[in-house]
*Asks:* 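Quick one: structure below, then a few questions.
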Amino acid sequence: MKIINKHYVAGTWLSSDSEQEIVLHNPANEKAYAIVKLADKELANKAVSAARSAFTQWSELGFAERAHYIANIVKQLHAHRNLFIDAIVEELGCPRAFTEIVQVDEPISAFEDHVQYARILADLYDGHEQVIDENLSLRKEAIGVCALITPWNYPLHQLIAKIAPALVAGCTLVVKPSEITPQTAIILAQAIAAAELPSGVFNLVIGTGSEVGSLLSAHAEVDCISFTGSTQVGKIIQNAAATNVKRVNLELGGKSAFVITPSKNLAEAVILGVEDVMCNSGQTCVALTRMLVHKSQYEEACAIAADHAKTLTLGAPDLPDTFIGPVINEAQFNKINDYISIGLAEGAKLITGGHTPTDEKLPGYYIKPTIFSQVSNGMRIAQEEIFGPVLCIIAYENEQQAISIANDSVYGLSARVWADEPSQSQNIARQLRAGLIFINDAQWHNAAPFGGYKQSGNGRELGVEGINEFLEIKSIVNA
Ligand code: NAD
């Protein structure tokens with residue numbers, strides 16, 4: 001059994017003396033593989049002090065100099081690539097091929113983009129203000145000490161989407177990753193440590209949300225919280241952060257809609273929608289978990305979806321044919337199975353997947369790709385975030401009704417529109433209340449500012465916009 005007890009504070013690796021620990025189980029076989037020794041409040045306070053002490057020097061460097069450090073980190077991220085892959089396969093049970101491309105290469109590439117963003121900001125702001133008119137000029141300055149709190153589902157991406165822009169902005173950081181994916185975070189800290197940033201600029205403490213997360217949220221010396229996780233915890237953090245009116249950037253849950261208009265490429269659309277939900281075992285905040293299909297193509301779409309889901313291999317993350325691995329842990333496994341029961345009780349029709357009978361269950365937190373038809377948007381399975389491989393297919397009668405169903409959600413993170421005519425897809429996209437809209441088979445774009453409407457959050461990550469989340473604007477009005 002591994003003992004994981006590494007926290008990075010003021011340029012030094014520290015162990016926690018706290019009695020608090022958690023045991024991690026491999027999602028693929030349920031065997032305990034690690035004990036994580038958790039940071040306590042004392043360690044978290046040390047990290048905040050280190051970040052505070054490092055702030056003035058780091059924030060005054062200028063964007064161009066920080067671009068050099070970002071470029072050094074990128075080199076180290078590439079050097080640590082295989083370590084990240086092994087850690088994510090073990091911690092999350094994510095299939096290896098998906099892990100390589102989506103969980104590791106894409107976030108490294110997103111970090112690399114920040115070298116260019118830093119150079120753009122250097123041209124605009126380093127050594128001079130942006131002149132608006134003869135009396136007014138603007139400066140952009142780092143907001144201060146930032147606490148970055150992240151979840152486990154894309155453990156490297158979530159960290160990088162915050163760390164890269166915050167470092168470019170000139171902020172100093174206390175990072176608290178999910179305590180159930182600590183190895184990915186420690187490898188990232190090792191890569192950043194090897195890039196030789198000034199001591200105290202980057203600090204990592206691995207602790208629970210209830211102890212370390214809540215301390216950081218309310219801490220008087222923390223100027224900004226950037227949080228990715230559930231809407232429920234986001235609300236708690238926003239309240240706690242009110243104590244010193246910190247800036248709060250929230251990236252929260254979702255229940256995204258896929259609006260499929262009557263199309264000659266129905267099968268292509270449905271298959272894409274099914275795979276979108278099932279990848280990463282449905283543990284994706286932007287997953288298109290509500291598929292909206294015109295009534296004229298509804299039965300055909302349901303048949304295509306069920307047939308395709310049955311071809312997706314459920315299995316251990318290291319097997320080459322695996323499309324869906326296990327879900328992260330027992331709590332998530334139970335929660336998803338409860339939602340499958342809720343769907344059945346609500347009268348939705350299970351067209352594939354569902355519960356695995358206890359006598360057929362193998363070790364590992366495996367859930368079959370599950371699809372419900374005859375779902376109405378008011379059902380709990382259509383309104384609440386399940387965070388598992390469960391897709392709801394909903395019929396609509398006309399385009400306006402499809403748009404209202406898509407928008408009838410407390411969430412507004414993402415959506416996809418499928419239409420044969422570009423003018424139709426653009427018209428629908430404009431009416432959807434969500435922060436990221438994909439058209440037809442469009443792919444993830446690292447420069448697209450990412451974030452939600454409504455209870456999916458209130459900030460933006462990635463792209464140059466993502467850096468603005470960590471900057472203050474200073475207006476200088478001249479006589
Ligand atoms: P979670 O909200 O339970 O935990 C997220 C982080 O918050 C963890 O580091 C946890 O330790 C910490 N935390 C928990 N309680 C806290 C508290 N009281 N104060 C401060 N910190 C606290 O979420 P999770 O289960 O790790 O992740 C799944 C959720 O994350 C889903 O709802 C998913 O939609 C969301 N998510 C959103 C995005 C996005 O970008 N919008 C991306 C990925 C995941």
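The analysis underlying the following values was restricted to heavy atoms, covering all of them including side chains, and did not include hydrogens, waters or symmetry mates. These figures come from a predicted structure and were not determined experimentally. As the structure lists them, so they are numbered: ligands from 1, and atoms in each ligand from 1.
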*Asks:* For T150 and K162, test the side chains for any donor-to-acceptor distance below 3.5 angstrom and give the result as yes or no.
*Replies:* no

*Asks:* Side chain of S281, backbone of Q283: donor and acceptor closer than 3.5 Å?
*Replies:* no

*Asks:* Given C285, G207, P155, which one has a non-hydrogen atom that is nearest to atom 36 (N) of ligand 1?
*Replies:* C285

*Asks:* Look at the rings of Y154 and F98 and say which category their plane angle falls in: under 30° parallel, 30 to 60° tilted, over 60° perpendicular.
*Replies:* tilted

*Asks:* Would you check if there is a donor-acceptor pair between the side chains of N244 and H219 at a distance under 3.5 Å?
*Replies:*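 N244 and H219 do not have a side-chain donor-acceptor pair below 3.5 Å.
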
*Asks:* Only heavy atoms count here, so choose which of S230, P151, A241 is nearest to atom 2 (O) of ligand 1.
*Replies:*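 Of the listed residues, S230 has the closest heavy atom.
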
*Asks:* For ligand 1, is any non-hydrogen atom under 4.0 Å from N153's backbone (N, CA, C, O), its side chain (CB onward), both, or neither?
*Replies:* side chain

*Asks:* If hydrogens are left out, which of E385, H157, E179 has an atom nearest to atom 11 (O) of ligand 1, that is, the closest non-hydrogen atom?
*Replies:*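 It is E179 whose heavy atom sits nearest to atom 11 (O) of ligand 1.
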
*Asks:* Check whether any N or O atom of T228, backbone or side chain, sits under 3.5 Å from an N or O atom of ligand 1, and answer yes or no.
*Replies:*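 By distance alone, the answer is no.
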
*Asks:* Do the rings of Y365 and F333 sit parallel, tilted or perpendicular, given the 30° and 60° boundaries?
*Replies:* tilted

*Asks:* Protein heavy atom under 4.0 angstrom of atom 4 (O) of ligand 1, is there one?
*Replies:*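 Within 4.0 Å of atom 4 (O) of ligand 1, no protein heavy atoms are found.
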
*Asks:* Tell me the protein heavy atom at minimum distance from atom 35 (C) of ligand 1, and give that distance in Å.
*Replies:*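 Result for atom 35 (C) of ligand 1: G229 O, 3.2 Å.
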
*Asks:* Using distance alone, decide if ligand 1 has a nitrogen or oxygen within less than 3.5 Å of any nitrogen or oxygen in T208.
*Replies:* no

*Asks:* Below 4.0 angstrom from a heavy atom of S214, which ligand 1 atoms are there? Numbered from 1 as shown, please.
*Replies:* 19 (N), 20 (C)

*Asks:* Quick one: look at A240 and ligand 1, take heavy-atom pairs under 4.0 Å, and tell me if it's side chain, backbone, both or neither.
*Replies:* neither

*Asks:* Please work out which of the three classes, parallel, tilted or perpendicular, describes the rings of H157 and W444, given edges at 30° and 60°.
*Replies:* perpendicular

*Asks:* Are any of the side-chain nitrogens in D408 or R433 under 4.0 Å away from the carboxylate oxygens of its partner?
*Replies:*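 Answer for the salt bridge query: no.
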
*Asks:* Salt bridge check, E465 against R460: does any charged N sit closer than 4.0 Å to a carboxylate O?
*Replies:* no

*Asks:* In the protein, which heavy atom is nearest to atom 19 (N) of ligand 1, and how far is it?
*Replies:* G209 O, 3.4 Å

*Asks:* Would you mind finding which of Y411, W152, F450, Y154 brings a heavy atom closest to atom 26 (O) of ligand 1?
*Replies:* W152

*Asks:* May I ask which of T181, L148, I236 has a heavy atom nearer to atom 18 (N) of ligand 1 than the others do?
*Replies:* I236

*Asks:* Does the distance from a Lys or Arg side-chain N to an Asp or Glu carboxylate O, for E385 and K255, drop under 4.0 Å?
*Replies:* no

*Asks:* Might you work through the side chain to side chain contact (heavy atoms under 4.5 Å, CB included) test for L252 and Y411, ending with a clear yes or no?
*Replies:* CA-CA 9 Å; L252 309 175; Y411 297 112; 5.8 Å; no

*Asks:* Short list, please: which atoms of ligand 1 are under 4.0 Å from a heavy atom of I237?
*Replies:*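 That gives atoms 19 (N), 20 (C), 21 (N) of ligand 1.
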
*Asks:* Is the terminal nitrogen or CZ of R66 (NZ for Lys, CZ for Arg) located under 6.0 angstrom from the six-membered ring centre of Y69 and within 45° of that ring's axis?
*Replies:* no

*Asks:* Would you indicate which of T150, L216, V233 comes nearest to atom 6 (C) of ligand 1 when only heavy atoms are counted?
*Replies:* T150

*Asks:* Output the list of atoms in ligand 1 that are nearer than 4.0 Å to some heavy atom of S178, sorted by atom number.
*Replies:* 9 (O)

*Asks:* Parallel, tilted or perpendicular: which one describes the rings of Y117 and H114, with boundaries at 30° and 60°?
*Replies:*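 Y117 and H114: perpendicular rings.
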
*Asks:* Atoms of ligand 1 less than 4.0 Å from L413 heavy atoms?
*Replies:*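 Ligand 1 atoms under the 4.0 Å threshold to L413: 41 (N).
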
*Asks:* Cut-off 3.5 Å, side chains only: do E469 and S226 have a donor facing an acceptor?
*Replies:* no

*Asks:* How close does the nearest protein non-hydrogen atom get to atom 20 (C) of ligand 1, and which residue and atom is it?
*Replies:*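 The closest heavy atom on the protein side is G213 C, 3.3 Å.
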
*Asks:* Near L252, which atoms of ligand 1 are under 4.0 Å from a heavy atom of that residue?
*Replies:* 34 (O), 37 (C), 38 (C), 39 (C), 41 (N)

*Asks:* Can you tell me the protein heavy atom closest to atom 7 (O) of ligand 1 and the distance?
*Replies:*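 That would be F227 CE1, 3.2 Å.
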
*Asks:* Taking only heavy atoms of P177 into account, list the atoms of ligand 1 that are under 4.0 Å away from them.
*Replies:* 9 (O)

*Asks:* Short N/O distance, under 3.5 Å, between K176 and ligand 1?
*Replies:*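 Between K176 and ligand 1 (N or O atoms, distance only) the closest approach is under 3.5 Å.
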
*Asks:* Quick one: do D223 and R52 make a salt bridge, cutoff under 4.0 Å?
*Replies:* yes

*Asks:* Suppose I only count heavy atoms of Q158 and a 4.0 Å limit; which atoms of ligand 1 are within that range?
*Replies:* 42 (C), 43 (C)

*Asks:* Ligand 1 versus E461, non-hydrogen atoms closer than 4.0 Å: side chain, backbone, both, neither?
*Replies:* neither

*Asks:* Write out the residue and atom name of the closest protein heavy atom to atom 28 (C) of ligand 1, then the distance separating them to 0.1 Å.
*Replies:*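 Here the nearest protein heavy atom works out to F387 CE2, 3.6 Å.
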
*Asks:* What distance do I4 atom CD1 and L38 atom CG have between them, rounded to the nearest 0.5 Å?
*Replies:*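 So the gap between those two atoms works out to 10.5 Å.
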
